[in-house]
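Notes to accompany the following structure.
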Amino acid sequence: MEVIVAKSAGFCFGVDRAVKSVYDNIDEKPLYTYGPIIHNLQVVEELEDKGVKVVNDIEELLNLPKGKVIIRSHGIEEKIYNYIRDNGFSIIDATCPYVKKIHRIVNDYSKKGDTIIIIGDPNHPEVIGIKGWSSSKAIIIESIEDAKKLQLPTDEHICIVAQTTLNYLKFQEIIEIFLDKGYHVDIKDTICRATRDRQEEAIQLSGRVDKMLVIGGKHSSNTRKLYQLCKNQCDNTYHIETIEDLELLVFSKNEIIGITAGASTPKNIIQEVITHVRSTE
Ligand code: F3S
């Protein structure tokens, strides 16, 4: 059996930085994270055991004793940021610098009166956060169909940004639609290079293996996208969270197994999966 692990599997720079900021402040009490610090149940539970409380919204936070609040890599809306600060909590801002850059673009262009178009998942916290830094009209577009349907006055200035984890081909297709409509557009390619590299490596790897394992939280959108891209190349692709999900899977001696993992999958979980797969030989 050959096991090939993608070089880009696991924590990206932004997630690594956010998780480190929790551990660096672990002795501060009370310590909160605004939303789970990463989409990984095992890590979140471990942090809870160490006294780190996840708060899910501003109302919940305002009823809790004052303390430090860590903003995760996805970032948050400007008004929520201000609420937290103005209500006596101190903020440790672990928003990924790449996401922060999108906040700045949206803020600057909206102040000039541009319409902001965000290409991404309207329910994803990163996208909700980005929209919250616009002081002018901001529209979220999720699909090619949304882009085709959207009608804006042709004299309107538009600034287009993308969710960091967006598929690059989809971004290009949507941009083409806007250009064909003859709008005045400023296009900001805000897709994170780490995501693109991870996706490209996963596509290549899944195209040459017998089974492909994609490790990551069931709610992690970048893991789900990775799974989909791999599934398109390799029918035998499996999205797993931990080795427990591998119980029913049989690996045979002459198979080539590919492994990749989403941006919020810790090294130790990846290593456990590698060890488990190798031990079944
Ligand atoms: Fe940041 Fe890119 Fe990760 S935007 S959080 S480094 S996927």
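Counting starts at 1 for both ligands and their atoms, following the listed order.
- Looking from atom 7 (S) of ligand 1 to the surrounding protein, the closest heavy atom is Thr195 OG1, 3.4 Å.
- Within the listing of ligand 1, atoms 2 (Fe), 4 (S), 6 (S), 7 (S) sit less than 4.0 angstrom from a heavy atom of Cys192.
- Between Lys53 and Glu60 there is a salt bridge, with a side-chain nitrogen of the basic residue lying less than 4.0 Å from a carboxylate oxygen of the acidic one.
- Of all protein heavy atoms, the one lying nearest to atom 6 (S) of ligand 1 is Gly14 N, 3.5 Å.
- Within the 4.0 Å heavy-atom shell around ligand 1 one does not find Thr165.
- Here the protein heavy atom with the shortest distance to atom 1 (Fe) of ligand 1 is Cys96 SG, 2.3 Å.
- Remark: the backbone N or O of Ser8 is paired with a side-chain donor or acceptor of Glu201 at under 3.5 angstrom.
- Using modelled atom types, one side-chain atom of Thr265 and one backbone atom of Ile215 make a donor-acceptor pair closer than 3.5 Å.
- For atom 3 (Fe) of ligand 1, the nearest protein heavy atom (residue, atom name, distance) is Cys12 SG, 2.2 Å.
- Close contacts between ligand 1 and Thr164 involve ligand atoms 4 (S) [criterion: under 4.0 Å to a heavy atom].
- Rounded to the nearest 0.5 Å, atoms CD1 (Ile259) and CD1 (Ile270) are 9.0 Å apart.
- Under 3.5 Å, the side chains of Thr164 and Glu126 contain a donor-acceptor pair of N or O atoms.
- Closest heavy-atom contact between Ile256 and Arg208: CD1-O, 4.2 Å.
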